[in-house]
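From a predicted model like this one, the values you see are computed outputs, not experimental measurements. Along the sequence shown, residues are numbered consecutively beginning with 1.
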Amino acid sequence: MKKFSLPKDGGLKESETPKGILHSYEKIPVEIFEDELIASVKVADEIVATINGNGGKAKIGLSTGTSPIFLYKELVRRYEAKEVSFAEVEIFSIDEYNLPVQVDLQRRNHILIETLIRKINLRPENFHVPSAPVADFDKAARELDILVMGVGEQGQVGLNEIGSSEKSRTRNVLLSYQSRKRQAKNFGGDVNKTPKTGVTMGLSTMMTAKRIILIAWGEDKAGAVKKVAEGPATSDCPASYLHRHENISFYVDDYASAELTRVNAPWLVGPCEWTRKFVRKAVVWLCGEVHKPILKLTHSDYLTHSLGELLEQYGPFDKVNIDVFNDLQHTITGWPGGKPNADDSTRPVPSTPAKKRVLIFSPHPDDDVISMGGTFIRLVEQGHDVHVAYETSGNVAVHDSVVMQMMDAAHELGFADKFDEVQKIVDSKRPGEPEPRALLDIKAAIRRSEARGAVRSFGLNENTNAHFLNLPFYETGGIKKGQRTQADIDIIIALLQQVKPHQIYVAGDLADPHGTHRVCTEAVLEALRQLKDEEWLKEAHCWLYRGAWMEWELGKVDMAVPLSPDEVIKKRHAIYRHLSQKDIVPFPGEDPREFWQRAEERTQNTARLYDELGMAEYQAVEVFVRLF
């Protein structure tokens, strides 16, 4: 199943760049793949070749976590196809929690065991997990034939956290609060119930492997990839110590490569393909480097920052400045549905039809107002027929205490005397197990009521224009979701055929390659692919928005919708309607702020960037990329 990525639009001409120059900024050579599926096949090739090349005997080190899931599935496929046998192979896991009670779903090795170990002919005695006595494991795990490891967001490998010594061996470690917070989702969302210690293979032990492959997927790993591959060897980024290994590679997908020099500023590395958007990307980057607006850039600024090739093709410099300024200026519109009876030759949205049918896909019941609430409100107020589709129930993101508060209010009003009954359902929960269906249904109802209240607050008819799809892949009762199937796509197809929209808005948050946003996005895009021959779709346009954590870089933006101070407040009030997501969200991630705070900071920062480039000054700006 192919993963979605944005089409390439300019960039480094890698085929014309010698390998030594291509990797000139990298202390660990990075191989960039279109997606993690293709990369996983490449890693599987190496593992199978290693095993078969050693006569079926090999010592393999493998990572816990979600990054290697597709690799493990590919290895199982190779085993079932009789391309490889694991009968004489030893597999070494690189870490594990110290758990007082071994609950399979909560083990660090759960995914490795369930996805790979139990599906191949590996002898039980040949699967090694770090445990006491650690010296015995460390001795056995030295000189692995190949070691494959995912890299954490702070450059961790295994449970080697910030501060780990490059001389460290297999040992017990104290887990940081931030690491425990990230893993709390496997322990009912309670960081206090998350293990405080674990056992990990040390960096010195890892360095004895004959071959090391690091892997990282998704935008949330982009910063770590740059630090590990291009930064200095430091305890602030444990994986950076692996620079010194003589046979190491870093395999990443397009999104995880985003901050590498050869991707983010490829003109520093070699010759480039200069498209309109790529020229804009370079000029915006240059403005940031010299701290000037576009129209104040000089010929010297371009030359001293390796942009002479750009001037040779599109110069002189002042023409480039004006072209990029106009290009960026033309992305800005106060009419996201198109301005009626206006010349639309330089506008991002056509003026006809004047009143459009619009369909906004929201992965969770609040992503619509968090991510593009100002644009949503403006589309409604400008008279378009706007529909919103909530793709999942979002039920697992409702805290139990919120449920009990709602039930208490119902009890006080005399509408439902079921407080004790619901309390018993809450008390019946078991860590690591799916929540009771009855409780999930209550939580889903809470989120639906909040979504209806949000859109009602700015005039949308919540009964006819708010659609709750409840895609089946999400309804597992736990944090881990099922696979996307045709059943999910058929639900989306039915709604698209019902609305026949002129504009389609889809979440473009692809930071987590296994996350709900990505699955929802790819389900919508697959539905659109299956409808490609429909006449109404040939006149439609699809816009991608981002969430509360990341924003499109200005070099990619096709439409920017400025918001006034009053519109920012309207958007905030719509977000407020999602009461269950305020203050006590079970899985808030690294950012402790509420969603409205994150959203406002993000859109205000975008406005500031436009201002610094010489555009008009706005209170906030929401930006979009046009897919088609």
Side-chain angles (χ1 to χ4, degrees), residues 4 336 357-380 384-398 443-475 481 484 488-489 491-492 494-496 498-499 501 503-512 515-525 527-528 542-550 561 571-572 574-581 585 595-596 598-599 602-603 622 624-625 627:
F4 166 73
R357 292 185 301 277
V358 179
L359 180 53
I360 299 168
F361 284 96
S362 179
H364 299 97
D366 56 357
D367 290 314
D368 54 336
V369 290
I370 291 172
S371 303
M372 55 167 291
T375 303
F376 191 166
I377 292 168
R378 189 168 291 187
L379 286 164
V380 172
H384 300 284
D385 180 19
V386 185
H387 294 253
V388 58
Y390 300 105
E391 294 169 85
T392 70
S393 66
N395 49 23
V396 296
V398 178
K443 292 182 175 182
I446 289 171
R447 298 219 64 183
R448 286 195 299 272
S449 69
E450 293 170 344
R452 284 194 291 265
V455 299
R456 187 169 54 240
S457 73
F458 51 82
L460 193 76
N461 187 324
E462 75 275 16
N463 296 315
T464 59
N465 288 45
H467 309 270
F468 297 91
L469 305 187
N470 294 318
L471 296 183
F473 87 87
Y474 185 88
E475 299 302 323
K481 303 308 175 188
R484 185 193 87 206
D488 300 294
I489 296 163
I491 292 171
I492 296 170
L495 181 60
L496 284 164
Q498 174 189 332
V499 177
Q503 283 191 332
I504 303 161
Y505 289 85
V506 182
D509 282 309
L510 307 174
D512 177 2
T516 297
H517 276 222
R518 181 155 199 161
V519 177
C520 286
T521 296
E522 290 175 347
V524 174
L525 297 179
L528 291 169
C542 182
W543 296 93
L544 299 178
Y545 63 86
R546 304 301 290 272
W549 293 271
M550 292 185 178
V561 181
K571 174 179 175 177
R572 183 191 304 173
I575 298 173
Y576 279 172
R577 298 302 192 277
H578 294 273
L579 296 175
S580 68
Q581 304 304 290
V585 183
F595 288 123
W596 70 268
R598 305 184 203 184
R602 178 176 61 87
T603 55
E622 293 177 345
F624 305 84
V625 168
L627 188 60

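- Side-chain N or O atoms of S393 include none that pairs as donor or acceptor with a backbone N or O of N470 at under 3.5 Å.
- Residue H387 holds its NE2 atom at 8.0 Å from CG of L460, rounded to the nearest 0.5 Å.
- Looking at V396 and Y474, their side chains come closer than 4.5 Å, going by heavy atoms from C-beta outward.
- Residues R357 and L359 have side chains not in contact (no heavy-atom distance under 4.5 Å, counting atoms from C-beta outward).
- Between E450 and P365, the closest side-chain pair of non-hydrogen atoms is not below 4.5 Å.
- Atoms CD1 and NE2, from I492 and H467 in turn, are 13.0 Å apart once rounded to the nearest 0.5 Å.
- Heavy-atom minimum distance, R378 versus P336: CD-CD, 3.7 Å.
- Across all non-hydrogen atoms, the minimal contact from S457 to R577 is CB-NH2, 3.6 Å.
- Taking the side chain as every heavy atom from C-beta outward, H364 and H517 approach each other to under 4.5 Å.
- Looking at L496 and P501, their side chains come closer than 4.5 Å, going by heavy atoms from C-beta outward.
- D368 and Y390 share a side-chain donor-acceptor pair at under 3.5 Å.
- A side chain to side chain contact (heavy atoms under 4.5 Å, CB included) with T375 holds for exactly one of V561, V358, I360; it is V561.
- When all heavy atoms of L379 and Q503 are compared, the closest pair comes out as CD2-OE1, 3.9 Å.
- Taken from CG in L495 to CG in L469, the straight-line distance is 6.0 Å, to the nearest 0.5 Å.
- Ring orientation note: the planes of Y545 and F624 are nearly perpendicular, at an angle over 60° on the 30°/60° scale.
- Residue N463 comes nearest to N461 through the heavy atom pair N-OD1, 2.9 Å, listed as atom of the first residue, atom of the second, then distance.
- Between E462 and the choices R456, R448, R452, the side-chain hydrogen bond (donor to acceptor under 3.5 Å, both in side chains) rule is met once, by R456.
- Across all their heavy atoms, H578 and A454 have their closest contact at NE2-CB, 3.6 Å.
- Atoms CZ and CD, on R602 and E622 in that order, are 7.0 Å from each other to the nearest 0.5 Å.
- Annotation: F376 is in aromatic contact with F458 [ring centroid separation under 6.0 Å].
- Nearest heavy atom pair, residue P472 against residue I491, reads CD-CD1, 3.7 Å.
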Take T392 and F473, measure what side chain to side chain contact (heavy atoms under 4.5 Å, CB included) needs, and give me the verdict at the end.
CA-CA 9 Å; T392 70; F473 87 87; 4.0 Å; yes
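- R598 contributes atom CZ, which lies 12.5 Å from atom CE of M550 (distance to the nearest 0.5 angstrom).
- Using modelled atom types, no side-chain atom of E391 and backbone atom of D488 make a donor-acceptor pair closer than 3.5 Å.
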Test salt bridge (Lys or Arg N to Asp or Glu O under 4.0 Å) on D366 and R447 and set out the steps.
CA-CA 9 Å; D366 56 357; R447 298 219 64 183; 3.2 Å; yes
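- Side-chain atoms of I370 and S362, non-hydrogen and from C-beta on, never get closer than 4.5 Å to each other.
- Between N395 and E475, some side-chain heavy-atom pair lies under the 4.5 Å cut-off.
- For the pair D385/N465, a side-chain contact is recorded, criterion being any heavy-atom separation below 4.5 Å from C-beta on.
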